[in-house]
Amino acid sequence: MLTKRIIPCLDIKDGKTVKGVKFQELRAAGDPVELAARYAATGADELVFLDISATEEKRKTLASLVERVAAAINIPFTVGGGVSSVEDAYQLLKHGADKVAINSAAVRRPELINELASAFGNQCVVVAIDARLLNDRWTVHLVGGKQPTSNELLTWAKEAEQRGAGELLFTSMDHDGTKNGFANEALATLSETVNVPIIASGGAGTVSHFEKVFIEGKADAALAASVFHFNEIDIQTLKTRLHTKGIPMRR
Amino acid sequence: MKKVAIIDYGAGNIKSLQFALERLDVASVVSNNTSEIINATHVIFPGVGAAGKAMEQLRSSGLDIVIPKLKQPVLGICLGMQLMCRFSEENDTNGLGIFEESVVRFPALVKIPHMGWNQLTNMRSPLFSGIEEGAYIYMVHSYYVPQQLDTIATTTYGAPYSAALNKDNFYGVQFHPEKSGEVGATLLQNFLAL
C-alpha cells in the first residue's frame, strides 16, 4: 500500500538551516548535512531543502550543499530556491537532487513548469505555493511570502497541474510556524481539485496535527521543520503513532 | 573485481546512484562509451524523464543497438526499465524490445504520478534475496508495466503491476533502489552479486 509521507523541511539561508515564524524572525537550527543524515536514518520518507534567500537575493547556486546532502542520504530529496530556468534545475539535479521545487518563478512565467516537465518529466517538478486567506480568498504570494498576487490557490493549482507539475507543496502562510495545526479545509479542497500528490506545509505542532492533516486534510505528505529540528517530535515515534491510528506509514 | 558502468545518455539523476554504489564500496563509471559499457561486469541503465526524448538520445548515440546485445547483468531503473520494454504509451515511443511488455499510463482513478513509498510483493528472483515480503521501496512514475510473464515482483497501486522484470541477463525495477533506504541497498548488492 502506498504510504503517507513525513517530510522534514530544511530551510536554508547562507548555507545554514533556519526556521522562521510566519516566514520571518529566522533562527538558526543546525548544520543541514548533519540534519539531513539524521532524518534519513530516523525514518523520514523524503527531504525538502529550500533556499529561502535564493529568490530575493537572486542567488542560484546551492550545488555543493546539494551534493553533500545527496551523498549523506538514501531517501529522495527535493531542492528549491531561485530556480527560474531549465539550466538552474539541471544544475541541482546533476548534483543529486531528485526533484526541484519552483515557486515565484513559476507564477511569473508559468511556461517554466512546461519546460521543466518536458526536460525532466513531471515527477521532477514540484510547484510550491505559498498562500494566505485574504478576504475569504486563498491568495498566492511571491518572494518568500512577501508579495501578494492576483492568483487564487485552486485556479493556480489546476493550471500548475495542467502544465506538468508532478506534485504540489502548499504552505498556508497563516498557519506556518504557529504550531496550531495545518490548513486542513483548504488542503482537502485542493486534494479533491487536482489529481497530483499534495504536500501539506505550515502549522505542524503535535502528533494529532499530523493525524488530522492526513484524515481531514486528505494530504499525501506532511512537511514540517521546527518540530523536527528542535526535537519536539521524533519522526520514528510520530510514524508509529500514526500507524496505530490506521494511517499507512513506512516503518 | 566489479566494474560497474552507469549508462549516461543525458537523462536521469545519476549522482544519487553513484553515491548509493559508493556507500557499497563499489566503483562505477558514468559512460556513453560503447567499449567501456561492453567491458563492464555490471551495467546500470538509469532514467528519469520522458520516454520519447530519452529514446531519441539513446538512438543518437547508438546505445539503442548496444544495450540489447549486452551479455553481463543489466539493471534498468524506472524509466530505464520502461525503455527496455517493447513500447510505451508515453509519447508513443518504441522501446528497446528486450521485454515483450508495453508500458501504459495509470488510470485517473489514482493520483498521478504514483509517488512515495509502496510495498514489494510476490518476489521471485535472487535479485530480492534477503528482502522481506512487504518491504518498502520508493516509487515515482506515471506509467507502469502490467503483470506479465517476465514479472518478478509486484506492487499495488489501484491494481497490482510489475515492480520488477527479468529476462535472461536483463533486469528492470520500477522503483529507485538508490533512494529506497536499506532495502534499496540490499537490492543493489544482490544485483552486483549476479
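Each chain gets a letter, A, B and so on, in the order the sequences are listed, and its residues count up from 1. All values derive from a computational prediction rather than experimental measurement. All values below were derived from every heavy atom in this structure, side-chain atoms included, with hydrogens, water molecules and symmetry-related copies excluded.
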For [X], is the [atom1] atom crowded, meaning more than 12 foreign heavy atoms sit under 6.0 Å from it?
X	atom1	value
A/E185	CD	no
A/E34	CD	no
B/K167	NZ	yes
A/E152	CD	yes
B/F19	CZ	yes

Between [atom1] of [X] and [atom2] of [Y], what distance do you get to the nearest 0.5 Å?
X	Y	atom1	atom2	result
B/F106	A/N195	CZ	CG	12.0 Å
B/S16	A/L93	OG	CG	10.0 Å
B/M115	A/E46	CE	CD	7.0 Å
B/I112	A/Q123	CD1	CD	13.0 Å

Please tell me if the side chains of [X] and [Y] come closer than 4.5 Å, counting only heavy atoms from C-beta onward.
X	Y	answer
A/L2	B/M139	no
B/W117	A/P76	yes
B/K15	A/K94	no

Side chain, backbone, both or neither: which part of [X] has an atom under 4.5 Å from a heavy atom of chain A?
X	result
B/A185	neither
B/E182	both
B/H114	side chain
B/S142	neither

May I ask you to decide if B/K179's main-chain N or O and A/N74's side chain share a donor-acceptor pair within less than 3.5 Å?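 It does not hold such a pair.
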
Does A/A71 offer a backbone N or O that forms a donor-acceptor pair with the side chain of B/R23 under 3.5 Å?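 Present.
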
Examine whether an atom of [X] lies under 4.5 Å from a heavy atom of chain B, and if so say whether it belongs to the side chain, the backbone or both; otherwise answer neither.
X	answer
A/A97	backbone
A/R5	side chain
A/E161	neither
A/S118	backbone
A/K4	neither

As an exercise: rank B/P177, B/S180, B/G134, B/G181 by heavy-atom pairs under 4.5 Å with chain A and give me the winner.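 Result: the option with the highest number of such pairs is B/G181.
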
Most contacts with chain A, counted as non-hydrogen pairs under 4.5 angstrom, among B/A50, B/G184, B/A108: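 Sorted descending by pairs with chain A, the first entry is B/A108.
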
Non-hydrogen atoms of B/P113 and A/P197 that approach each other most closely: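 Taking every non-hydrogen atom into account, O-CG, 3.7 Å.
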
Looking at A/R251 and B/Y136, what are the two nearest heavy atoms and their distance?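 Smallest heavy-atom distance, with atoms named: N-CE1, 3.9 Å.
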
